[in-house]
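Reviewing the structure listed below.
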Protein chains: 2
Amino acid sequence: MTGIRVGTDADEQAPERSPGSRSRDALRAAQMYYLQDLTMNAIARELRTSRSTVSRLLSMARETGLVQIQVNNPSERAPALEQQIRRRFAVEAHVVPVADSVNDSEVLDRVAIQAARTITPLVDSNAIIGVAWGSTLSAVSHHLTRKQTHDSTFVQLNGAGNTQTTGITYASEILRRFGQAYGARVEQFPVPAFFDHAETKTAMWEERSVRRILDLQRRMTMAIFGVGSIGAGVPSHVYSGGYLDREDLETLDRDEVVGDVATMFFRADGSHRDILLNRRSTGPDLDVLSRVRRRICVVSGESKIDGLRGALAAGLATDLILDEGSARRLLHT
Amino acid sequence: MTGIRVGTDADEQAPERSPGSRSRDALRAAQMYYLQDLTMNAIARELRTSRSTVSRLLSMARETGLVQIQVNNPSERAPALEQQIRRRFAVEAHVVPVADSVNDSEVLDRVAIQAARTITPLVDSNAIIGVAWGSTLSAVSHHLTRKQTHDSTFVQLNGAGNTQTTGITYASEILRRFGQAYGARVEQFPVPAFFDHAETKTAMWEERSVRRILDLQRRMTMAIFGVGSIGAGVPSHVYSGGYLDREDLETLDRDEVVGDVATMFFRADGSHRDILLNRRSTGPDLDVLSRVRRRICVVSGESKIDGLRGALAAGLATDLILDEGSARRLLHT
DNA sequence: GACCGGAGTGCACGTTTGTGCAATCCGGTT
DNA sequence: AACCGGATTGCACAAACGTGCACTCCGGTC
């Protein structure tokens, strides 16, 4: 029942109808604009329509993935920051250029856009892709550019319910947007973020509906997630959204937790054994996560540095997308 | 002596200097513009420079291949024309949309731009690429977008000298531009287009300097050429540029030649045996050409249809780039 | 130290592009 | 046939962009 097809057929802001003259024109326009360097005016004349329509056709062509724009940093003599991070932490770094003067929420937005565009070329057909939730992923999901794939599945990495809501709307919106962008199935994980009792989790984990999801997670070919950090600054969604009570926070403190990925916690050295809360969390076992071929971590804002350090120590990511400020900070302290 | 390095180092309109701050800024700007959707104004502020400089950085980023824009026609449900051509002639067709109202020289220009951009992604490292010459290829060579490759070589397919000139400047300009765009070596073929006596060709073909070129041609991984057509309309370069005298044209007529590729002639049915002029021509044996893995034919203008038909019958191309008008004409008669 | 040439910069202007809005089209309903 | 709502269009205006030109900066030369 959870397998929901998120097609590109009829939908929300449903674009591409059948072969229709609309998308044919979009292709023609895109070729004339991007491959022949005509102006929109010239294209409008040839297509016997108005310039504004051409402008709209083109933005549609971009949004639907008809036109793809990629920026390659010249192979291995890449920018210094990225190289240093790669050497020191053994992850492929994608540093998003952002001047220091920019405020946090704009940084998030810009990291999100660039992350979305970095991820798109990595999404293949026949993939199983895990997606976490949180403010970072939410932002990313808003900026995905479309691309058609076949038989791919997006699977929710961890439950999203809390004491106030079932969390369905929030987490599933994110998932839905991913599915829609790539024409893929989505599999929700309808459990709370944390069980109240570890025993309930154990019991639920035996349920067939849950095992289906866990099985998908084991077969993931890619995972996309942010990090939570307990350090200073803005607390991440998990720490402030009513998912944890005072007592929980105290045990985290006692266990020397510095952050989490998909509500699974870890310490500064990357270890996660014997962290009590993990027994009640619905996130993927971090060892399972580490076996996924491609693990993309998106981070924006320096307040997440501590959590990020832990995640890197744990080797949770193969690819790291982060803003320039955080990149510097990651290296220079 | 013929192996000339056409680097991207110091040159003509030499752009990319070392790692310099210039190209670093170009990368940053490109990321901010194409991946973060900032305006040039915003980028200028962050880079502490003027908007016009940003505009220039961006166009540099595009020209040097830092930014790559591709338009994919949605896999196999591609436009009707392209499918029909593929079925009927067994070549991958790339139809360049052009309204009928456009004049011939503009059609050539637009086909050339789009051809250049279609070719670029196909150019690999370690490739050996044969290039013909003529008005079509000349136009293409003017619009190549750069892309860095290693250890690739462009080799001239046929001699370019005629009774008036050695043809060096014209053909070698084309070759040079290709080499420069991809940072590749170029190998000129310093012989006339046609020898006066077949015996001279036989003799020359034993010379080591020539054999080097012939050997490269045998090892080509890609070939790029136009077609000449004897039919009506504007005569191709070869037929009007002083390469052939009246008598030659008569023998072509007698041999029922309809066109040529790289100065090797063929008939309407694709055959080329016993065409006298081919014994004196310096182009690659058409059987050798047909063994090349990827053979890209660029055609603009309906006057070339007859030659094109012959070339297709001979199976000379694996990929065909042509304007919409010619595509229609090719199918509907 | 004066001079020179080429590359890089910002300004100002004209061109090109994005977008809110009102008008129109179109398929389905009453 | 009249009506309705959503999608699509062109218009008009504002925003964003490209480029000739004059100026500056810098390294080499006399």
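Just so we're on the same page: letters track the sequence lines, and every chain starts at 1. Only this structure's heavy atoms are used, side chains among them; waters, hydrogens and symmetry mates stay out.
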Between Arg62(A) (CZ) and dT19(C) (P), how many Å, whole number? 9 Å
Taking atom P of dT8(D) as reference, at what distance in whole Å does atom CG of Leu47(A) sit? 16 Å
Can Gln68(A) and Gln70(B) be counted as having a side-chain donor-acceptor contact under 3.5 angstrom? no
Any Tyr33(B) side-chain N or O less than 4.0 Å from OP1/OP2 of dA16(D): no
Taking CE from Met60(A) and P from dT19(C), how many angstroms apart are they, rounded to a whole number? 16 Å
For Tyr34(A) and dT17(C), what is the distance between atoms OH and P respectively, to the nearest whole Å? 10 Å
So, Ser55(A) versus Ser52(A): side-chain donor-acceptor pair below 3.5 Å or not? no
Would one find more than 12 heavy atoms of other residues, nucleotides or ligands at under 6.0 Å from atom CG of Asp100(B)? no
Once you round it to whole Å, what is the distance between P of dT9(C) and CG of Leu58(B)? 14 Å
Should the pair Glu63(B)-Arg146(B) be classified as a salt bridge under the 4.0 Å nitrogen-to-oxygen rule? no
Might you list the N or O atoms of the protein lying below 3.5 Å from N or O atoms in nucleotides 10-14 of chain D, with each pair's distance?
| residue | atom | partner | partner atom | Å |
| --- | --- | --- | --- | --- |
| dG10(D) | OP2 | Thr49(A) | OG1 | 2.9 |
| dG10(D) | OP2 | Ser50(A) | N | 3.0 |
| dG10(D) | OP2 | Ser50(A) | OG | 2.7 |
| dG10(D) | OP2 | Thr53(A) | OG1 | 2.9 |
| dG10(D) | N7 | Arg56(A) | NH2 | 2.9 |
| dG10(D) | O6 | Arg56(A) | NH2 | 3.0 |
| dC11(D) | N4 | Ser52(A) | OG | 3.4 |

Would you find a donor on one side and an acceptor on the other, under 3.5 Å apart, between the side chain of Asp323(A) and the backbone of Gly301(A)? yes
Please tell me if the side chains of Ile321(A) and Val299(A) come closer than 4.5 Å, counting only heavy atoms from C-beta onward. no
What bend angle does the helix from dG1(C)-dC30(D) to dT30(C)-dA1(D) show across its length, from five-pair end axes and to the nearest 10 degrees? 10°
By the 4.0 Å heavy-atom rule, please label Ser55(A) as base, sugar-phosphate, or nothing. base
Using whole Å, what does the distance between atom P of nucleotide dA16(D) and atom CG of Leu38(B) come to? 11 Å
Going by the angle between their ring planes, with limits at 30° and 60°, are Tyr182(A) and Phe154(A) parallel, tilted or perpendicular? parallel
Send over the distance from Arg45(B) CZ to dG10(C) P, rounded to a whole Å. 14 Å
Side-chain (Asn103(A)) to main-chain (Glu106(A)) donor-acceptor, under 3.5 angstrom: yes
For atom CE of Met40(A) and atom P of dG18(D), their distance in whole Å: 12 Å
Output side-chain donor-acceptor pairs under 3.5 Å for residues 37-47 of chain A, partner residues at least two apart or in another chain, one line each.
| residue | atom | partner | partner atom | Å |
| --- | --- | --- | --- | --- |
| Asp37(A) | OD1 | Arg117(B) | NH1 | 3.1 |
| Asp37(A) | OD2 | Arg117(B) | NH2 | 2.8 |
| Thr39(A) | OG1 | Asn41(A) | N | 3.4 |
| Thr39(A) | OG1 | Ala42(A) | N | 3.2 |
| Glu46(A) | OE1 | Ala99(B) | N | 3.0 |
| Glu46(A) | OE1 | Arg110(B) | NH2 | 3.2 |
| Glu46(A) | OE2 | Arg110(B) | NH1 | 2.6 |
| Glu46(A) | OE2 | Arg110(B) | NH2 | 3.4 |

